[in-house]
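Just so you know, ligand 1 is whichever comes first in the structure, and atom 1 is the first atom listed for that ligand.
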Amino acid sequence: MGEAKIIDGEAIAAGLRRRIGEEAARLKARHDLTPGLAVVLVGDNPASRVYVRNKARRAEEAGMTSHDHHLPADVTEEALLSLVRGLGDDARVNGILVQLPLPPHIRAEAVHDAVDPAKDVDGFHGINAGRLVTGAADAMVPCTPLGCLMLLKHHLGELAGLKALVIGRSNIVGKPVAALLLAEHCTVTVAHSRTRDLAGECRRADIVVAAVGRARMVEGGWIKPGATVIDVGINHIEGGSGETRLAGDVDFAAAVKVAGAITPVPGGVGPMTIACLLRNTLVAACRQNGIEPPEI
Ligand code: GUN
């Protein structure tokens, strides 16, 4: 058997960002509207700082305005909630994102539910989570799950009838990915730390989405020949001679010999997450101004 096709998330995300930039320019020309994205960072988590900077940069490259808020790690929950509610009332802001993880004294759920659902470009508000599960057309869909779905459709086209295994049941990735695949008429299994025969579940799946946060946990021998593998993991591992490097949740070197297609880490799902954030911000800006959002 030959090697799997590598799904180039970097290139697919670049195409998506270009189309979003064109649509943002059209919004400006026709409606004098510039979408605004507010990004809130609490504390100094180095990875979060990088993500937040990239989100702001990509927003501006796409012709949007970015409103950055950096709060100290010891900010009170009430002060953060007050900022988030204020952004909900700010007409220049169409999308609000509070970067995770948050310090332990702040309840993430309270923060998510303080975001105006119409501006909830992360899709974490209970209302949007409910809309996603019930199949409502106006759900704000979380960015990483949406990126996974776009990569799958890009490679496979029609997903109906395929058996999908989602490994991981987080609110940010596993659960919304499962809801999206179910809406695409896949037969969906969600595996987690208590799943008895993970290898067996994997071997039956036409689609595997791995989102567990454990480096190379999914072995090549678990993959059904020809399956499509989406690796959401971003794990920092020892790369030899002291430096660290990135590894996914899937043993890429082994899986690439068995799968039909697979996403690399880095360069797979990661770039899609930010592109989908821009897409959600554009859609939110349109809806808030009574404009039909473009199909992106
Ligand atoms: N931290 C890791 N992933 C995400 C995400 O998708 N959104 C936010 N806000 N924080 C994150």
Mind running side-chain contact (heavy atoms from CB on, under 4.5 Å) on Thr144 and Val232 for me, showing each step along the way?
CA-CA 8 Å; Thr144 299; Val232 183; 3.7 Å; yes

With a 4.5 Å limit on heavy-atom distance, are the side chains of Arg194 and Arg169 in contact?
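Yes - at least one pair of side-chain heavy atoms lies under 4.5 Å apart.
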
Separation between CG of Leu100 and CD1 of Ile172, rounded to the nearest 0.5 Å
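So the gap between those two atoms works out to 4.5 Å.
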
Can you name the residues that come within less than 4.0 Å of ligand 1, going by heavy atoms only?
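Contacting ligand 1 under 4.0 Å are Leu97, Val98, Gln99, Leu100, Asp122, Phe124.
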
Closest heavy-atom contact between Thr34 and Lys28?
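Smallest interatomic distance, heavy atoms only, reads OG1-CD, 3.4 Å.
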
Ring pair (Phe, Tyr, Trp, His ring centres under 6.0 Å): pairs with one or both residues in residues 89-130, sequence neighbours excluded:
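Only His112-Phe124 qualify under ring pair (Phe, Tyr, Trp, His ring centres under 6.0 Å).
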
Apply the test salt bridge (charged side-chain N to carboxylate O under 4.0 Å, His left out) to residues Arg85 and Asp89: give CA-CA distance (whole Å), side-chain angles for both, the deciding distance (0.1 Å), then the verdict.
CA-CA 7 Å; Arg85 290 191 195 109; Asp89 294 332; over 6 Å; no

